[in-house]
Amino acid sequence: MSKKIKIGIIGGSGLDNPDILKNSKIKTAPQTPFGKPSDDLTVGEIEGIECVLLARHGRKHNVMPGNVNYRANIWTLKEEGCTHIVAATATGSLQEHIKPGDVVILDNFIDRTQGRKQTFYDGEAKHPQGICHLPMEPAFHEKTRQMIIQTAQQLNIAVHKTGTVVTIEGPRFSSKAESNMFRQWGGHVINMTSVPEVVLAKEAGICYAAIALATDYDCWKENKEEHVTVADVLATFKKNCTKVTALITAVVPKIAKENWDQSCKELQQPFMTANVLERS
Ligand code: ADE
(Lines give C-alpha, C1' and ligand atoms only; values in the text may rest on other atoms or scores of the structure.)
Protein backbone atom coordinates (compact mmCIF):
# COMPACT_ATOMS: atom_id res chain seq x y z
CA MET A 1 0.00 0.00 0.00
CA SER A 2 1.33 3.45 -0.83
CA LYS A 3 2.16 5.99 1.86
CA LYS A 4 -0.68 8.14 3.21
CA ILE A 5 -0.41 11.68 1.90
CA LYS A 6 -0.83 14.66 4.19
CA ILE A 7 -0.10 18.20 3.11
CA GLY A 8 1.39 20.94 5.22
CA ILE A 9 0.59 24.44 4.03
CA ILE A 10 2.85 27.22 5.27
CA GLY A 11 1.20 30.56 4.73
CA GLY A 12 3.29 33.69 4.43
CA SER A 13 2.31 37.29 5.09
CA GLY A 14 -1.41 37.46 4.28
CA LEU A 15 -1.28 34.13 2.50
CA ASP A 16 -2.53 32.01 5.36
CA ASN A 17 -6.30 32.07 5.05
CA PRO A 18 -7.69 29.27 7.28
CA ASP A 19 -10.94 29.22 5.26
CA ILE A 20 -9.25 27.12 2.59
CA LEU A 21 -9.67 24.12 4.91
CA LYS A 22 -12.98 22.26 5.49
CA ASN A 23 -13.91 20.72 8.88
CA SER A 24 -11.06 22.66 10.38
CA LYS A 25 -10.08 22.77 14.02
CA ILE A 26 -7.30 24.42 15.93
CA LYS A 27 -4.62 22.23 17.40
CA THR A 28 -2.45 23.77 20.12
CA ALA A 29 1.12 24.38 19.03
CA PRO A 30 3.06 21.37 20.28
CA GLN A 31 6.39 21.54 22.11
CA THR A 32 9.22 20.11 19.95
CA PRO A 33 12.89 19.43 20.76
CA PHE A 34 13.49 22.83 19.12
CA GLY A 35 10.83 24.80 20.95
CA LYS A 36 7.37 25.83 19.74
CA PRO A 37 6.27 26.53 16.17
CA SER A 38 5.11 30.00 15.09
CA ASP A 39 1.52 29.38 16.23
CA ASP A 40 -1.23 26.81 16.77
CA LEU A 41 -1.98 24.63 13.76
CA THR A 42 -5.20 24.63 11.79
CA VAL A 43 -5.95 21.03 10.81
CA GLY A 44 -8.62 20.21 8.26
CA GLU A 45 -9.27 18.95 4.75
CA ILE A 46 -9.21 20.02 1.14
CA GLU A 47 -11.46 17.68 -0.89
CA GLY A 48 -11.08 15.04 1.80
CA ILE A 49 -7.28 15.24 1.90
CA GLU A 50 -5.84 15.93 5.34
CA CYS A 51 -3.98 19.23 5.55
CA VAL A 52 -2.21 21.17 8.26
CA LEU A 53 -2.01 24.94 7.97
CA LEU A 54 0.72 26.86 9.77
CA ALA A 55 1.04 30.64 9.65
CA ARG A 56 4.77 31.28 9.31
CA HIS A 57 4.59 34.66 11.04
CA GLY A 58 1.88 33.60 13.50
CA ARG A 59 -1.83 34.10 12.95
CA LYS A 60 -1.53 37.65 14.27
CA HIS A 61 1.50 38.24 12.08
CA ASN A 62 3.69 39.05 15.04
CA VAL A 63 6.78 36.90 14.34
CA MET A 64 9.54 38.67 12.40
CA PRO A 65 11.28 36.68 9.62
CA GLY A 66 14.52 36.38 11.60
CA ASN A 67 12.64 35.21 14.71
CA VAL A 68 10.58 32.46 13.03
CA ASN A 69 11.41 29.11 14.66
CA TYR A 70 11.88 27.34 11.34
CA ARG A 71 13.12 24.14 12.96
CA ALA A 72 10.09 23.87 15.25
CA ASN A 73 7.77 24.64 12.31
CA ILE A 74 9.17 21.90 10.08
CA TRP A 75 9.54 19.43 12.97
CA THR A 76 5.90 19.97 13.89
CA LEU A 77 4.69 19.35 10.34
CA LYS A 78 6.82 16.19 10.15
CA GLU A 79 5.39 14.98 13.47
CA GLU A 80 1.90 15.68 12.13
CA GLY A 81 2.71 13.21 9.34
CA CYS A 82 3.05 15.68 6.48
CA THR A 83 4.61 14.10 3.41
CA HIS A 84 4.47 17.41 1.52
CA ILE A 85 4.69 21.11 2.23
CA VAL A 86 3.33 23.71 -0.12
CA ALA A 87 4.58 27.07 1.10
CA ALA A 88 3.42 30.52 0.05
CA THR A 89 5.71 33.51 0.19
CA ALA A 90 5.56 37.20 -0.68
CA THR A 91 8.63 38.30 -2.65
CA GLY A 92 10.14 41.33 -4.31
CA SER A 93 10.95 41.02 -8.01
CA LEU A 94 14.55 41.41 -9.15
CA GLN A 95 13.69 41.14 -12.85
CA GLU A 96 11.67 43.41 -15.11
CA HIS A 97 9.70 40.51 -16.63
CA ILE A 98 8.45 39.35 -13.20
CA LYS A 99 5.79 41.93 -12.49
CA PRO A 100 4.11 42.67 -9.16
CA GLY A 101 1.16 40.26 -9.00
CA ASP A 102 3.02 37.50 -10.86
CA VAL A 103 3.42 34.01 -9.43
CA VAL A 104 6.78 32.21 -9.47
CA ILE A 105 7.28 28.52 -8.68
CA LEU A 106 10.68 28.64 -7.02
CA ASP A 107 13.38 26.18 -8.03
CA ASN A 108 16.54 27.52 -6.41
CA PHE A 109 17.84 29.86 -3.73
CA ILE A 110 20.75 32.08 -2.75
CA ASP A 111 21.22 32.28 0.99
CA ARG A 112 21.95 35.72 2.43
CA THR A 113 20.60 34.99 5.91
CA GLN A 114 22.87 35.28 8.93
CA GLY A 115 23.09 32.94 11.88
CA ARG A 116 19.81 31.10 11.37
CA LYS A 117 19.78 27.47 12.50
CA GLN A 118 19.77 25.43 9.28
CA THR A 119 20.02 21.86 10.58
CA PHE A 120 18.34 19.53 13.05
CA TYR A 121 21.73 17.79 13.45
CA ASP A 122 23.42 20.42 15.63
CA GLY A 123 25.10 18.01 18.04
CA GLU A 124 22.86 18.99 20.96
CA ALA A 125 21.49 16.31 23.29
CA LYS A 126 17.90 15.21 22.45
CA HIS A 127 18.32 16.41 18.85
CA PRO A 128 18.88 13.97 15.96
CA GLN A 129 22.37 12.54 16.24
CA GLY A 130 24.98 12.17 13.51
CA ILE A 131 26.48 14.35 10.85
CA CYS A 132 24.31 15.49 8.00
CA HIS A 133 25.70 17.11 4.86
CA LEU A 134 22.58 17.68 2.84
CA PRO A 135 22.86 17.90 -0.96
CA MET A 136 21.03 21.04 -2.11
CA GLU A 137 20.34 20.18 -5.74
CA PRO A 138 17.46 20.07 -6.32
CA ALA A 139 16.61 22.46 -3.51
CA PHE A 140 12.84 22.38 -4.09
CA HIS A 141 11.02 19.11 -4.74
CA GLU A 142 10.81 18.78 -8.51
CA LYS A 143 7.80 16.47 -8.84
CA THR A 144 5.78 18.63 -6.45
CA ARG A 145 6.84 21.77 -8.34
CA GLN A 146 5.74 20.20 -11.63
CA MET A 147 2.34 19.34 -10.15
CA ILE A 148 1.85 22.98 -9.14
CA ILE A 149 2.87 24.17 -12.62
CA GLN A 150 0.47 21.70 -14.31
CA THR A 151 -2.33 22.77 -11.98
CA ALA A 152 -1.69 26.44 -12.77
CA GLN A 153 -1.94 25.65 -16.48
CA GLN A 154 -5.26 23.85 -15.94
CA LEU A 155 -6.58 26.83 -13.94
CA ASN A 156 -5.30 29.33 -16.50
CA ILE A 157 -3.12 31.00 -13.90
CA ALA A 158 0.07 32.31 -15.50
CA VAL A 159 3.17 31.32 -13.56
CA HIS A 160 6.92 31.63 -14.02
CA LYS A 161 7.97 27.99 -14.00
CA THR A 162 11.36 28.57 -12.41
CA GLY A 163 12.92 31.23 -10.22
CA THR A 164 15.85 31.71 -7.90
CA VAL A 165 14.93 33.38 -4.64
CA VAL A 166 17.49 35.42 -2.72
CA THR A 167 16.64 35.14 0.97
CA ILE A 168 17.99 38.03 3.01
CA GLU A 169 18.18 38.26 6.78
CA GLY A 170 15.96 41.34 7.06
CA PRO A 171 14.03 42.81 8.69
CA ARG A 172 15.26 45.73 6.62
CA PHE A 173 14.83 45.69 2.85
CA SER A 174 17.95 45.66 0.65
CA SER A 175 19.99 48.67 -0.32
CA LYS A 176 19.98 49.56 -4.02
CA ALA A 177 23.58 48.32 -4.37
CA GLU A 178 22.62 44.99 -2.78
CA SER A 179 19.54 44.71 -4.96
CA ASN A 180 21.63 45.26 -8.11
CA MET A 181 24.20 42.75 -6.91
CA PHE A 182 21.49 40.13 -6.38
CA ARG A 183 20.29 40.81 -9.94
CA GLN A 184 23.82 40.22 -11.25
CA TRP A 185 24.05 37.02 -9.24
CA GLY A 186 21.01 35.69 -11.10
CA GLY A 187 18.35 36.19 -8.45
CA HIS A 188 14.80 36.46 -9.77
CA VAL A 189 12.90 37.28 -6.58
CA ILE A 190 13.81 38.22 -3.03
CA ASN A 191 12.29 37.43 0.37
CA MET A 192 13.23 36.88 4.02
CA THR A 193 11.95 33.37 4.72
CA SER A 194 12.64 30.63 2.13
CA VAL A 195 15.95 29.82 3.83
CA PRO A 196 16.18 27.86 6.06
CA GLU A 197 12.61 26.59 5.54
CA VAL A 198 13.40 24.74 2.30
CA VAL A 199 16.65 23.33 3.75
CA LEU A 200 15.01 21.96 6.90
CA ALA A 201 12.10 20.47 4.97
CA LYS A 202 14.57 18.58 2.80
CA GLU A 203 16.51 17.44 5.85
CA ALA A 204 13.22 16.22 7.34
CA GLY A 205 12.49 14.23 4.18
CA ILE A 206 9.43 16.26 3.19
CA CYS A 207 8.56 17.09 -0.44
CA TYR A 208 8.68 20.90 -0.29
CA ALA A 209 7.62 23.40 -2.97
CA ALA A 210 7.01 27.13 -2.74
CA ILE A 211 4.64 29.45 -4.56
CA ALA A 212 6.08 32.96 -4.57
CA LEU A 213 3.91 35.99 -5.20
CA ALA A 214 5.83 39.01 -6.48
CA THR A 215 4.58 42.04 -4.60
CA ASP A 216 7.05 44.78 -5.60
CA TYR A 217 10.21 45.60 -7.58
CA ASP A 218 12.48 45.84 -4.52
CA CYS A 219 14.55 49.02 -5.06
CA TRP A 220 16.81 48.39 -8.07
CA LYS A 221 14.76 50.50 -10.53
CA GLU A 222 15.70 54.09 -11.29
CA ASN A 223 12.08 55.16 -10.84
CA LYS A 224 11.69 55.80 -7.09
CA GLU A 225 7.90 55.39 -7.37
CA GLU A 226 8.51 51.68 -7.86
CA HIS A 227 10.69 51.18 -4.78
CA VAL A 228 9.35 48.72 -2.22
CA THR A 229 7.26 49.85 0.73
CA VAL A 230 5.40 47.67 3.22
CA ALA A 231 2.14 49.27 2.05
CA ASP A 232 2.83 48.14 -1.55
CA VAL A 233 3.65 44.63 -0.44
CA LEU A 234 0.40 44.37 1.53
CA ALA A 235 -1.76 45.93 -1.17
CA THR A 236 -0.35 43.78 -3.99
CA PHE A 237 -0.80 40.51 -2.24
CA LYS A 238 -4.26 41.41 -1.03
CA LYS A 239 -5.17 41.94 -4.69
CA ASN A 240 -3.52 38.73 -5.90
CA CYS A 241 -3.61 36.22 -3.08
CA THR A 242 -6.73 34.52 -4.48
CA LYS A 243 -4.47 33.16 -7.24
CA VAL A 244 -2.23 31.52 -4.67
CA THR A 245 -5.08 30.08 -2.62
CA ALA A 246 -6.81 28.78 -5.79
CA LEU A 247 -3.58 27.09 -6.79
CA ILE A 248 -3.06 25.47 -3.39
CA THR A 249 -6.68 24.33 -3.17
CA ALA A 250 -6.51 22.73 -6.61
CA VAL A 251 -3.10 21.09 -6.30
CA VAL A 252 -3.75 19.30 -2.98
CA PRO A 253 -6.14 16.64 -4.40
CA LYS A 254 -3.88 16.19 -7.41
CA ILE A 255 -0.88 15.53 -5.18
CA ALA A 256 -2.92 13.03 -3.16
CA LYS A 257 -3.75 11.02 -6.31
CA GLU A 258 -0.08 10.34 -7.07
CA ASN A 259 2.14 7.64 -5.63
CA TRP A 260 5.02 9.26 -3.73
CA ASP A 261 6.73 6.18 -2.32
CA GLN A 262 9.84 6.63 -4.47
CA SER A 263 10.10 10.35 -3.64
CA CYS A 264 9.72 9.69 0.07
CA LYS A 265 12.37 6.96 -0.14
CA GLU A 266 14.82 9.23 -1.94
CA LEU A 267 14.30 11.98 0.64
CA GLN A 268 15.19 9.60 3.49
CA GLN A 269 18.82 9.64 2.29
CA PRO A 270 20.13 12.40 4.61
CA PHE A 271 19.02 10.45 7.69
CA MET A 272 20.80 7.35 6.43
CA THR A 273 24.00 9.27 5.73
CA ALA A 274 23.89 10.88 9.16
CA ASN A 275 23.65 7.49 10.84
CA VAL A 276 26.32 5.85 8.70
CA LEU A 277 28.77 8.67 9.41
CA GLU A 278 28.01 8.45 13.10
CA ARG A 279 28.92 4.76 13.18
CA SER A 280 32.11 4.91 11.07
N1 ADE B 1 9.06 40.45 0.64
C2 ADE B 1 8.28 41.12 -0.22
N3 ADE B 1 9.00 42.03 -0.92
C4 ADE B 1 10.29 41.93 -0.47
C5 ADE B 1 11.49 42.59 -0.79
N6 ADE B 1 11.54 43.54 -1.72
N7 ADE B 1 12.62 42.23 -0.12
C8 ADE B 1 12.57 41.25 0.82
N9 ADE B 1 11.45 40.60 1.16
C10 ADE B 1 10.31 40.93 0.52
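Each residue takes its place number in the sequence, starting with 1. Just so you know, ligand 1 is whichever comes first in the structure, and atom 1 is the first atom listed for that ligand.
Contact annotation for Ile190 and ligand 1: heavy atoms of both the backbone and the side chain come within less than 4.0 Å of the ligand.
Taking the ring centroids of His127 and Phe34, they lie under the 6.0 Å cut-off.
Among all protein heavy atoms, the one lying closest to atom 7 (N) of ligand 1 is Phe173 CD2, 3.5 Å. The protein heavy atom nearest to atom 9 (N) of ligand 1 is Asn191 CA, 3.4 Å. Of all protein heavy atoms, the one lying nearest to atom 6 (N) of ligand 1 is Asp218 OD1, 2.8 Å. Atom 1 (N) of ligand 1 has its closest protein heavy atom at Ala90 O, 3.4 Å. Nearest to atom 3 (N) of ligand 1 among the protein's heavy atoms is Asp216 OD2, 2.6 Å. Looking only at protein heavy atoms, the nearest one to atom 4 (C) of ligand 1 is Gly92 N, 3.4 Å.
Checking each of Glu203, Arg71, His133 against Thr119 for a side-chain hydrogen bond (donor to acceptor under 3.5 Å, both in side chains) leaves exactly one that passes, namely Glu203.
Classified by interplanar angle (parallel below 30°, tilted 30° to 60°, perpendicular above 60°), the ring pair His141/Trp260 is tilted.
Lys176 has a carboxylate O that lies under 4.0 Å from a charged side-chain N of Glu222, or vice versa, which qualifies the two as a salt bridge.
A donor-acceptor pair shorter than 3.5 Å can be found between the side chains of Tyr208 and Glu197. Remark: the Gln154 side chain and the Lys254 side chain contain an N/O donor-acceptor pair separated by less than 3.5 Å.
Judged by distance alone, with hydrogens and angles left aside, the side-chain atoms of Glu266 form no donor-acceptor pair with the main-chain N or O of Gly205 at under 3.5 Å.
The ligand atoms of ligand 1 that sit less than 4.0 angstrom from a heavy atom of Thr215 are 2 (C), 3 (N). Counting the atoms of ligand 1 from 1 in the order shown, those under 4.0 Å from a heavy atom of Met192 are 8 (C), 9 (N).
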